[in-house]
Amino acid sequence: MSYQNERFKSFSSVTQQIVAVSDTAANVVTSSPHHLTIQNLGTEPVYIKLGATATTSSGGFSYILPAGTTANDGSGAVANISGYVGTISVITASGTSNVVISNG
């Protein structure tokens, strides 16, 4: 069996989903993954908050994922989160963006 990402090689299963993100916060992961990767596929920055509802104000986010130049061009930022247990929420300041989430 081949693996897209060697980081996930030891996991029994890996899930991947594309999630639309808007200016209304949404929980994207509520389980306890061993490892999580989130990449911004869109043209709007995406704010990520661990353990609470994401906002774009100071202190309302744990990470900011800068956008790509054009949608799906692969240049959007990536967050790698290992060992975190809990809810992860995402939001944009305005407009919409897509993120791809892989966890296992």
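We number each residue from 1, following the sequence as shown. These numbers come from the heavy atoms of this one structure, side chains and all, not from hydrogens, waters or symmetry mates.
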- request: Applying side chain to side chain donor-acceptor pair (under 3.5 Å), name anything that partners Ser89, two or more places apart in sequence or on another chain.
  value: none
- prompt: Hey, any chance Ile91 and Leu65 share a hydrophobic cluster, counting ILVMFWY side chains that come within less than 4.5 Å of each other, even indirectly?
  reply: no
- request: I would like to know whether Ile81 and Tyr63 meet side-chain contact (heavy atoms from CB on, under 4.5 Å); could you show each step before the answer?
  value: CA-CA 10 Å; Ile81 303 167; Tyr63 303 90; 3.9 Å; yes
message: Checking Asp23 now: which residues fulfil side chain to side chain contact (heavy atoms under 4.5 Å, CB included) with it, not counting sequence neighbours?
response: Thr92
field: Cluster link Ile48 to Tyr84, ILVMFWY, side chain under 4.5 Å
entry: yes
- prompt: Looking at residues at least two apart in the chain, or sitting in another chain, which of them share a side chain to side chain contact (heavy atoms under 4.5 Å, CB included) with Val100?
  reply: Gln16, Ile18, Gln39, Leu41
query: Are Leu50 and Leu36 in one and the same hydrophobic cluster, where Ile, Leu, Val, Met, Phe, Trp and Tyr link if side-chain heavy atoms are under 4.5 Å apart?
result: yes
Atom of Asn40, atom of Ala67 and distance for their closest heavy-atom approach: ND2-CA, 3.5 Å
- prompt: What pairs of residues pass the side chain to side chain donor-acceptor pair (under 3.5 Å) test when at least one of them lies in residues 45-59, not counting sequence neighbours?
  reply: Thr55-Ser57
statement: Hits for side chain to side chain donor-acceptor pair (under 3.5 Å) against Ser75, two or more places apart or cross-chain, chain-then-number order -> Asp73
- prompt: Same hydrophobic cluster for Ile101 and Val90, using side-chain heavy-atom links shorter than 4.5 Å among ILVMFWY?
  reply: yes
statement: Contacts of Ala71 meeting side chain to side chain contact (heavy atoms under 4.5 Å, CB included) (sequence neighbours excluded), chain-then-number -> none
- prompt: Quick one: CD1 on Ile38 to CD on Gln17, what's the gap to the nearest 0.5 Å?
  reply: 9.5 Å
